[in-house]
Number of protein chains: 2
Amino acid sequence: MHMFYSMNGTLADQLQNHLANYGPPMMNSQRDGGEDPRMYMNGSSASVSTSNGSSSMGNDQKFPSYKRMAQRRKVPEGELCAVCSDLATGYHYGVASCNGCKTFFRRTIVSEQTFICQYNGNCDVNKNIRCACRHCRFNKCLLVGMDAKALQLPAIQNDRDRIGPTKKVKMSSGSDDEQATTPHRLQDQEIIDQLTQVEGLCQELRRCIIPEVTGVTHALTSPCLLFETTDLKVDTNIMFKELYPASMNDIRMWNIREMRICIEWAKTFDIYQRLNLFDQFALVRNFAFAFNLLNRVFYSPDHGPDKIVFQNGAFIMRQPQQQVQLSGCRPIYTRQMDEIMIPFRKLQLSVSEFATFKAALFFNPDALDLSAPAKTEVFEERNKYLGGLFTCITQKIGIPSGVQKYGSLLMMTASIQNILAQNEENMQVMELFKNWEVDPFVKELCMKRA
Amino acid sequence: MHMFYSMNGTLADQLQNHLANYGPPMMNSQRDGGEDPRMYMNGSSASVSTSNGSSSMGNDQKFPSYKRMAQRRKVPEGELCAVCSDLATGYHYGVASCNGCKTFFRRTIVSEQTFICQYNGNCDVNKNIRCACRHCRFNKCLLVGMDAKALQLPAIQNDRDRIGPTKKVKMSSGSDDEQATTPHRLQDQEIIDQLTQVEGLCQELRRCIIPEVTGVTHALTSPCLLFETTDLKVDTNIMFKELYPASMNDIRMWNIREMRICIEWAKTFDIYQRLNLFDQFALVRNFAFAFNLLNRVFYSPDHGPDKIVFQNGAFIMRQPQQQVQLSGCRPIYTRQMDEIMIPFRKLQLSVSEFATFKAALFFNPDALDLSAPAKTEVFEERNKYLGGLFTCITQKIGIPSGVQKYGSLLMMTASIQNILAQNEENMQVMELFKNWEVDPFVKELCMKRA
DNA sequence: ATGGGTTGGTCAAAGGTCGC
DNA sequence: AGCGACCTTTGACCAACCCA
C-alpha cells in the first residue's frame with residue numbers, strides 16, 4: 001500500500017542502509033533553524049513508518065519512546081509549551097506542551113490534514129497567534145519533536161488498548177472507512193526528502209566509473225547502482241580541470257552517462273520496479289533524454305546565459321560551433337539555453353524542487369506505448385509528485401508566488417517536449433545519413449519504436 | 001450601437017458596452033462619523049461598563065470571567081439574549097446572547113467601527129428592532145457585560161491554509177477593494193469573469209458568417225468582431241443537422257474558421273493590443289493551432305472516446321479514414337483524442353477553467369520570434385492567468401485536489417506541443433508534395449518562419 | 001487498589017462563511 | 001452593505017488507561 005513502508009527492499013530501506021553504512025549524502029535541506037537535538041529528518045522519517053506496524057507486532061518494546069522520555073515525574077511547575085510558550089499541562093507526544101497544541105497535533109494527524117503557509121513557512125508560533133497559521137504551527141510541533149507514533153491510531157485493529165468513547169457509544173456500524181495511513185502532510189515531506197536524497201546519490205554516481213551494460217534491458221534488470229556508489233571507482237577523467245569547448249565526443253560521452261544514470265534513478269522508485277519490463281521501457285524511453293537535458297542545464301555551472309558547461313569543464317556555446325555541428329541537423333542548444341537553462345535560473349529552483357519536478361515528469365501517463373493499466377497507476381503516481389512539488393515550492397515562497405512558480409515550471413514541459421522532438425529528428429537524420437554513429441544504448445533509449 | 005476598436009477602449013469598456021449589465025462597483029463606502037471619541041476597548045468600557053458595575057470587573061485581571069461564568073453547562077433552556085431578548089444560543093463573550101448579537105459584537109470590535117446614535121443614545125434594543133441603531137446595540141452589548149478580552153486576536157485564518165472550501169464558494173463580483181481580506185482573490189475573479197464572458201462571445205461568433213480578410217495582418221488590424229456578433233448573420237450552413245463523417249473540406253473549413261476566431265479572441269486582451277504587430281504575429285502564430293485544437297476537443301459533443309465531433313455534426317473517427325488521410329501524413333487524431341480530449345473530460349474542466357487555461361497558454365514567453373521586451377511582459381501576463389486558473393480550480397475542489405488538477409492541466413502543454421509539432425510536420429509534407437492545398441491564411445498562421 | 005501521569009473524546013464557545 | 005443562520009476549529013475538561 002505504501003511504497004515507502006513495505007517490509008523489505010524498498011527505497012526507504014535501501015536509503016537507510018546506505019546512509020547507515022556510508023554516511024549521509026550531501027543534500028540541501030530546506031528545513032532551517034532547529035536546535036532540536038532529535039533529528040526527525042532521517043532517523044525518524046523511517047520511524048514514522050512504524051505507525052502502521054509497531055505496537056501490534058510482537059514488539060519487545062513495551063512502550064513507545066515518548067513514555068521513556070516523559071517518565072520522569074510531572075512537568076516542572078511553570079514549564080512552558082515547547083510549541084507556543086503557553087503554560088504546559090504535561091508531556092504530550094513526547095514534548096512539554098499545552099492542551100491546545102496537544103489537541104491540535106492529534107487532530108491534524110488523525111484527520112490527515114494538509115496545511116499550506118501563505119507566507120514563507122516561518123510564521124511565528126506563540127500563545128497569542130498560534131492559531132494564525134496552522135501549517136507553521138504543525139511544523140513547529142514536528143520540529144520540537146512531537147511524535148506521531150505516540151498516537152494510538154485506529155489502524156491497529158488490536159483495540160485491546162484503545163481508549164473507547166468516553167461518553168457515548170454510538171458506533172453506528174462496523175463500516176470501516178478509516179484510511180489507516182500516515183498523514184498526507186508527512187507523506188509529502190517524506191516524498192520530497194527521499195527524492196532529494198536520491199538526487200544526492202545521483203550526483204555521486206556522476207563522479208564514478210559506471211559499469212558497462214549490454215543494453216537497456218540489462219540495465220533495467222540489474223540492481224540499482226545508486227546504493228553502491230561507494231563501491232565504484234571515481235572517474236578521474238571527468239573531474240573538472242579547465243573550461244574547454246566540447247567536442248562531439250564529449251557530448252556523446254555525457255549522453256551515454258546520463259542515460260545510464262537515468263535508468264539507475266528510475267529504479268529507485270518502488271512503483272516503477274513493480275511495472276512490467278515493457279512499461280518500464282516505455283517510461284524510461286519517454287523520459288531519458290529529458291532527464292539528460294534537465295540535469296545538464298540544472299547542474300551546469302553558471303558561466304552566463306550562453307554556455308552550457310559539463311562537469312568536466314567541456315562547454316557548449318550558443319553559437320553553433322564546427323565541432324558540434326552536423327550536416328542536416330538543426331542546432332538545438334540555443335533553445336536548451338533560452339527555454340530551459342535561463343528559465344531554471346530565473347525560477348531559482350532548489351535541488352528538492354528540481355528533484356520532485358523530474359519525478360513528476362517521469363511518471364507521464366501519456367508516454368508512448370504505455371499499457372492501459374499502467375497509465376492509471378502512473379497518473380496517480382504523478383499526482384503524488386505534483387502535490388509534493390507544490391508543497392515544496394509553497395513552503396518557501398507562499399501560495400500566490402508559489403502558484404506561479406509551480407505553473408511556470410510545469411509549463412516548461414512544452415518547451416522540453418519541443419526540444420525532445422527536435423532532438424529525435426536530428427537523431428533520425430544522423431541515422432539516415434550515417435554522418436555520426438549514435439551509441440546503440442542511447443539510440444535504444446531515445447528513438448521511438450526502437 | 002456599433003463599436004469600433006479605439007485606442008483607449010479597454011476590454012472592460014467594451015464588455016460593458018456589449019453586455020450593458022455590468023454596473024461599476026460602488027466606491028463610496030465612507031466611514032460614517034469619525035468624531036466619536038469613544039475607543040472601543042478601554043475608553044468605552046470605562047465609560048459604559050463602570051456605570052453599571054458589571055460583574056466582570058472584579059476578576060478580569062487574570063483571565064476572562066466568561067470562562068468561569070459559563071463553565072457550567074449549557075445555557076438553560078429558553079434563556080434569552082441579554083442584549084436583545086431573542087433566544088440565546090449560548091454564553092458569548094461572557095453573556096448569554098443570541099447569534100446575531102454575538103456576531104455583531106465581534107464584527108464591531110474587529111473592524112474598529114464607531115457608531116453614532118441618531119437620537120439620544122437610549123434607543124430600545126430588542127429582537128425586532130435590534131438592527132435599528134447600531135450605536136445603542138453596541139452600547140447594550142457592553143452594558144450587559146460583553147467582554148472584548150474574550151476575543152481571540154488575531155483570528156484563526158481558515159482561508160489562509162484551508163485545505164478545501166467549507167461548502168461551495170460562490171463567485172461574488174464587483175465589490176470594493178477596501179476590505180482587502182484576500183485582494184488577489186478578487187482580482188483573480190475579475191480576470192476569470194472577463195475571460196469567461198469573452199469565451200461566450202467566441203461561441204456566438206462560431207455560429208456566424210465571418211467576414212473575409214486578405215491575410216493575418218489584415219485580421220490583426222481590423223476591429224474585433226467579438227463585440228459585433230449581433231451585427232453578423234448566422235451561418236445556417238454550420239448548424240447541426242446530423243452526424244456524418246468529416247471530409248477534408250470540413251476539416252479545412254473549421255481550421256480556417258477557428259484560426260479567424262483565434263485572432264478575434266487574441267484582440268480582446270488589452271495587453272495584446274499594446275504589443276507591436278511583429279510580436280502580435282509571433283504570439284498568435286505560436287498559439288493558433290493550439291487554440292483550434294483545444295476548442296475542437298473541448299466543445300466536441302461527447303460521442304464517446306473515439307469521435308471528435310464538430311458543431312455541424314461532422315465527425316472524425318479514431319481509425320484514420322480514407323477521407324481525411326493524406327499520403328505521407330501521419331494520423332494525428334488518435335493523439336488528439338487520447339492526450340487532449342479524454343484527459344479534458346476526465347479533468348471535468350469548466351468553461352471558466354478552460355478559458356483561463358487558454359489565456360495562460362497564449363501568453364507564452366517562449367513563443368518563437370518574440371522580441372525580448374515582449375517576453376517579460378508576456379511572462380507577467382501569463383502569471384496573471386496562472387494565478388486566476390489556480391483560484392478558479394481550487395474554488396471548487398479545494399487545494400489538494402486543485403493542485404493536482406492544475407498540475408495535470410498544465411502538463412498537458414507537453415502533449416499539445418507534441419501534437420503541434422506533428423501537425424506542422426504534416427503541413428510541410430503537404431506543402432512539399434502538393435497533395436493538398438493548405439489555405440494561405442492557415443498556412444500563414446501555422447507554419448513557422450512564414 | 002491508588003495516584004499521578006498519559007491517552008483520546010467531548011462540546012461550549014471561539015472565528016469564518018455566504019445567502020439574503 | 002450589513003446581518004445572522006450555519007459552519008469549522010479550538011482547547012479546557014473529563015474518562016479511560018497504564019505503570020509504579
Side-chain angles (χ1 to χ4, degrees), chain A residues 62-64 66-75 81 84 86-87 89-94 97-111 113 127 130-132 134 137 150-154 159-170, chain B residues 25-26 28-29 32 63-64 66-75 84 86-111 113 115 130-131 134 137 150-172 175-176 178-179 181:
Chain A
K62 287 279 177 43
F63 36 82
Y66 69 92
K67 282 272 162 78
R68 287 192 302 275
M69 289 179 54
Q71 76 192 86
R72 288 264 56 84
R73 297 277 78 147
K74 72 156 100 177
V75 44
C81 169
C84 74
D86 197 356
L87 214 60
T89 64
Y91 289 99
H92 303 296
Y93 312 110
S97 42
C98 68
N99 262 324
C101 292
K102 161 200 151 188
T103 311
F104 171 77
F105 183 72
R106 172 165 42 81
R107 242 196 320 258
T108 304
I109 297 282
V110 299
S111 66
Q113 277 176 297
K127 176 178 158 61
R130 64 188 169 200
C131 298
R134 296 193 284 174
R137 188 184 190 181
L151 282 157
Q152 306 170 5
L153 287 174
D159 35 1
R160 183 182 60 82
D161 52 17
R162 280 210 54 218
I163 297 174
T166 56
K167 268 286 158 65
K168 235 185 247 187
V169 188
K170 62 167 170 190
Chain B
M26 304 288 279
N28 59 353
S29 72
D32 44 343
F63 43 85
Y66 70 94
K67 289 281 179 203
R68 278 185 303 274
M69 285 176 58
Q71 81 187 45
R72 279 275 54 84
R73 286 277 150 188
K74 282 189 160 99
V75 45
C84 73
D86 196 355
L87 213 59
T89 63
Y91 290 98
H92 303 296
Y93 311 110
V95 172
S97 44
C98 68
N99 257 325
C101 292
K102 160 199 151 189
T103 310
F104 171 77
F105 183 72
R106 174 164 43 82
R107 242 197 316 259
T108 305
I109 297 285
V110 298
S111 67
Q113 276 177 296
F115 308 117
R130 63 186 168 201
C131 299
R134 300 201 286 166
R137 188 184 189 183
L151 281 159
Q152 307 170 358
L153 293 173
I156 302 161
Q157 308 269 344
N158 273 345
D159 202 36
R160 284 188 185 165
D161 53 16
R162 66 186 315 164
I163 62 163
T166 311
K167 249 210 167 152
K168 202 141 227 172
V169 183
K170 204 208 76 176
M171 20 188 86
S172 63
S175 67
D176 61 348
E178 249 221 340
Q179 274 300 52
T181 45

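If you're wondering where the values come from, they're calculated on a predicted model, not measured in any experiment. Every chain is numbered from 1 and lettered A, B, ... according to where its sequence line falls, protein lines coming before strand lines.
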* Whole angstrom value for the distance that separates P of C/dG8 from NE2 of A/H92 -> 11 Å
* Looking at the side chain of A/N99, which of D/dT10, D/dC13, D/dA5 is the nearest nucleotide? -> D/dC13
* Between D/dC3 and B/R130, is there an OP1 or OP2 to side-chain N/O distance shorter than 4.0 Å? -> no
* Structure fact -> Atom CD1 of B/I109 and atom P of C/dG15 are separated, to the nearest Å, by 10 Å
* Provide, to the nearest angstrom, the distance between the NZ atom belonging to A/K102 and the P atom belonging to C/dG8. => 8 Å
* Select one nucleotide: of C/dG9, D/dC3, D/dT10, the one nearest the side-chain heavy atoms of A/R106. => C/dG9
* Structure fact -> Regarding the side chain of A/Y93, the nearest nucleotide among C/dT7, D/dG11, D/dC6 is C/dT7
* Ignoring the backbone of B/C131, work out which of D/dC3, D/dA5, C/dA13 is nearest its side chain. => D/dC3
* Asked: Which pair of non-hydrogen atoms, one from A/K102 and one from A/Y93, has the smallest distance, and what is that distance?
  -> O-CE1, 3.6 Å
* Tell me, with the steps shown, if B/H92 and B/F105 meet side-chain contact (heavy atoms from CB on, under 4.5 Å). => CA-CA 10 Å; B/H92 303 296; B/F105 183 72; over 6 Å; no
* N/O (side chain, A/R134) to phosphate O (OP1/OP2, D/dT8) under 4.0 Å -> no
* Structure fact -> Between CG of A/L87 and C1' of D/dA12 the distance, given in whole Å, is 13 Å
* Take the protein atom OH of A/Y91 and the nucleotide atom P of C/dG4, then report the distance between them rounded to whole Å. => 17 Å
* For A/R130, salt bridge (charged side-chain N to carboxylate O under 4.0 Å, His left out) partners two or more places apart -> A/D86
* Asked: Once you round it to whole Å, what is the distance between P of C/dG8 and CZ of A/R107?
  -> 13 Å
* Of all residues at least two apart in sequence or in a different chain, which pass the side chain to side chain contact (heavy atoms under 4.5 Å, CB included) check with A/S111? -> A/Q113
* **From B/F104 atom CZ to B/C84 atom SG, the distance as rounded to the nearest 0.5 Å** => 11.0 Å
* Asked: Looking at C/dT7, D/dC3, D/dG11, which one has an atom nearest to any side-chain atom of B/F104?
  -> D/dC3
* **Value in whole Å for how far the P atom of D/dA1 lies from CZ of B/F115** => 14 Å
